[in-house]
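Since the model is a prediction, treat every value here as computed from it, not as a measurement. Residue numbers start from 1 in every chain, and the chains themselves are labelled A, B, ... in the order their sequence lines are given, proteins ahead of strands. Basis for what follows: all heavy atoms, side chains included, without hydrogens, waters or symmetry-related copies.
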Number of protein chains: 2
Amino acid sequence: MSGTPRVLIVEDEAAIRQFVRLALEADACQVIEAATLADGLARAGEGGLDLVVLDLGLPDGDGIDFVRAYRAWSEGPVLILSARVEENRKIDALDAGADDYLTKPFGVGELRARARALMRRRPRGEELPPVIEFGEVVVDLSRRQVLRRGEPVHLTPIEYRLLAMMLAHPGQVLTQRKLLADIWGPSYVESSHYLRVYVGHLRQKLEDDPAQPRHFLTETGIGYRFQVTP
Amino acid sequence: MSGTPRVLIVEDEAAIRQFVRLALEADACQVIEAATLADGLARAGEGGLDLVVLDLGLPDGDGIDFVRAYRAWSEGPVLILSARVEENRKIDALDAGADDYLTKPFGVGELRARARALMRRRPRGEELPPVIEFGEVVVDLSRRQVLRRGEPVHLTPIEYRLLAMMLAHPGQVLTQRKLLADIWGPSYVESSHYLRVYVGHLRQKLEDDPAQPRHFLTETGIGYRFQVTP
DNA sequence: CTTGCACGTAAAAATGTCGTAAAAAATTAG
DNA sequence: CTAATTTTTTACGACATTTTTACGTGCAAG
């Protein structure tokens with residue numbers, strides 16, 4: 001999951017909107033509200049949603065049409081709220097593409113748990129490739145694993161953070177101040193000797209010839225630069 | 001999904017099994033039946049399932065433990081049936097990894113629609129084999145059985161959950177916070193001494209030389225890593 | 001040629017984390 | 001209720017990481 005999940009709630013009654021908002025914000029979600037189907041579709045069209053919570057009983061149309069329309073371009077999870085308990089209604093909503101159907105009244109806890117279950121396996125989110133290669137080194141950021149010639153290389157927490165930070169900005173010069181502030185904290189921006197030590201460690205562990213670095217380059221007086229291609 | 005979907009129904013009452021079987025066969029599913037949790041886990045261990053329908057109220061154990069055990073190697077959808085309507089029960093089941101929770105009595109149509117929704121959204125994910133080997137140890141997640149040199153090894157519930165969690169993420173670093181949150185609960189994320197004790201137990205019971213672990217590795221300051229290949 | 005500065009390396013000192021054993025408390029089984 | 005098992009807590013030595021210190025190198029300016 002990259003960042004906080006974004007949830008759209010489409011519901012005409014302000015009280016229930018508020019109820020749902022509070023429930024989801026308790027799970028660190030960013031909540032977007034819409035009071036009508038038309039507005040909801042517009043907001044959904046902006047994209048980037050991790051979940052849609054939809055009341056079927058809106059005055060300006062049938063929520064099931066909302067689901068069909070949404071499904072035209074998105075596979076993101078949809079959780080239906082409804083006062084109606086008729087089985088046919090549930091079947092229609094689910095077959096239209098909804099993922100869950102919750103009848104009012106419902107508890108906060110259940111709502112949150114069902115929302116978590118839906119967001120748990122999100123198919124959304126094109127992540128940047130989690131493996132980065134340079135020289136004879138392969139870095140798997142998702143596993144926090146570094147290999148050199150196929151052998152695991154052990155990095156300490158600070159070494160790894162420094163590596164990850166440089167890998168995240170290939171080709172760019174990272175100033176000493178920025179590296180120090182991000183890794184050690186804002187009060188360490190003057191302590192450039194830390195960087196000398198730890199860049200040295202990285203070169204020692206990852207460079208072909210630590211004395212003639214080809215990837216972790218020094219920009220004298222400025223900072224350091226990571227270069228993928230030698 | 002290729003061909004007819006395969007669905008496992010775990011339920012002790014024959015009448016309900018029959019009811020569910022007929023409902024799902026109407027949607028051209030191939031239905032596999034199990035009357036006990038142990039049998040269910042064994043069937044699930046054979047793999048190739050597109051959906052598990054699980055009754056929580058089985059006589060031979062708690063269905064939530066089934067979900068946890070199943071989740072150790074599969075991400076396939078799980079639909080819970082239960083006579084119990086308490087919200088906490090639902091929350092626990094969903095948070096343990098279930099995808100939907102249906103309370104009895106329920107209609108055929110709704111069951112079918114919810115099953116369709118689950119199978120539509122989650123094409124059978126890649127599952128790890130329920131039997132994992134490393135060193136001189138064989139772990140059968142579907143039977144909750146651990147062997148070392150052919151001899152059964154007894155693990156306490158917490159030891160086993162820790163093992164299952166690490167086995168489910170081979171090669172990956174699991175942070176202390178994540179392990180603590182998933183095993184002891186979110187309020188224990190700071191209590192890293194638990195992990196020191198229990199990782200020690202696992203090494204004691206499963207490692208060739210507990211003093212020089214080759215599979216349960218420490219990432220100082222971060223967490224632990226399970227490595228299959230030594 | 002000398003001086004001053006920024007950087008690189010190595011190793012010691014300081015700090016923090018981890019592993020283990022064993023006792024106390026809680027839970028489960030009989 | 002008692003016994004056995006499991007979980008929680010505590011303490012301390014061993015180990016890993018971070019920080020500090022010291023010294024060597026290259027380079028550019030005076």
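In this structure, the CG atom of Leu179(A) is 12 Å from the P atom of dC7(C), given to the nearest Å. Look at CD1 on Ile158(B): it is 13 Å from C1' on dT9(D), rounded to the nearest Å. Between Ile183(B) atom CD1 and dT8(D) atom P there is a gap of 11 Å when expressed in whole angstrom units. To the nearest angstrom, P of dT9(C) lies 11 Å from CD of Gln212(A). Put simply, CD1 on Ile222(B) is 16 Å from P on dA16(D), counting in whole angstrom units. Per the geometry, CG belonging to Leu217(B) stands 17 Å off C1' belonging to dT17(C), to the nearest Å. Rounded to whole Å, the distance from CZ on Arg161(B) to P on dT6(D) is 16 Å.
Look at Gln176(B) and you'll find a side-chain N or O under 4.0 angstrom from OP1 or OP2 of dC18(C). Arg196(B) has a side-chain polar atom (N or O) that falls below the 4.0 Å cut-off from OP1 or OP2 of dC18(C). In terms of phosphate contacts, His201(A) brings no side-chain nitrogen or oxygen within less than 4.0 Å of OP1 or OP2 of dA10(C). The shortest distance between the side-chain N/O atoms of Tyr198(B) and the OP1/OP2 oxygens of dT7(D) is below 4.0 Å. Close to dG19(C), at under 4.0 Å from its OP1 or OP2, lies a side-chain N or O of Thr218(B). Taking 4.0 angstrom as the limit, Arg203(A) places a side-chain polar atom (N or O) nearer than this to OP1 or OP2 of dG8(C). Applying the 4.0 Å criterion to OP1 and OP2 of dG8(C), one finds that Gln204(A) has every side-chain N and O outside that range. Put simply, Tyr224(A) has no side-chain N or O that comes within less than 4.0 Å of OP1 or OP2 on dC7(C). Between dC15(D) and Thr220(B), no contact under 4.0 Å exists linking OP1 or OP2 to a side-chain N or O. The phosphate of dT18(D) has neither OP1 nor OP2 within less than 4.0 Å of any side-chain N or O from Trp184(A).
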Next on the checklist: Evaluate Tyr224(A) against Thr218(A) for side-chain hydrogen bond (donor to acceptor under 3.5 Å, both in side chains), listing each step before the verdict.
Outcome noted: CA-CA 5 Å; Tyr224(A) 294 88; Thr218(A) 303; 4.9 Å; no
Item to check | Gln227(B) and His215(B): CA distance, side-chain angles, deciding distance, side-chain hydrogen bond (donor to acceptor under 3.5 Å, both in side chains) verdict | outcome: CA-CA 5 Å; Gln227(B) 202 158 31; His215(B) 300 100; over 6 Å; no
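Residue Thr156(A) has its side chain nearest to dT18(D) when only dT18(D), dT7(D), dT9(D) are considered. Residue His193(A) has its side chain nearest to dT20(D) when only dT19(D), dT20(D), dT6(D) are considered.
Ion pairing of Arg114(A) with Asp100(B) is present here, as a side-chain N (NZ or NE/NH1/NH2) and a carboxylate O approach within less than 4.0 Å.
A distance of 6.5 Å separates CG in Leu81(A) from CG in Leu111(A), rounded to the nearest 0.5 Å.
Using a 4.0 Å heavy-atom distance criterion, Val199(B) is classed as making no nucleic acid contact.
Between the side chain of Arg148(B) and the backbone N or O of Val137(B), no donor-acceptor pair lies under 3.5 Å.
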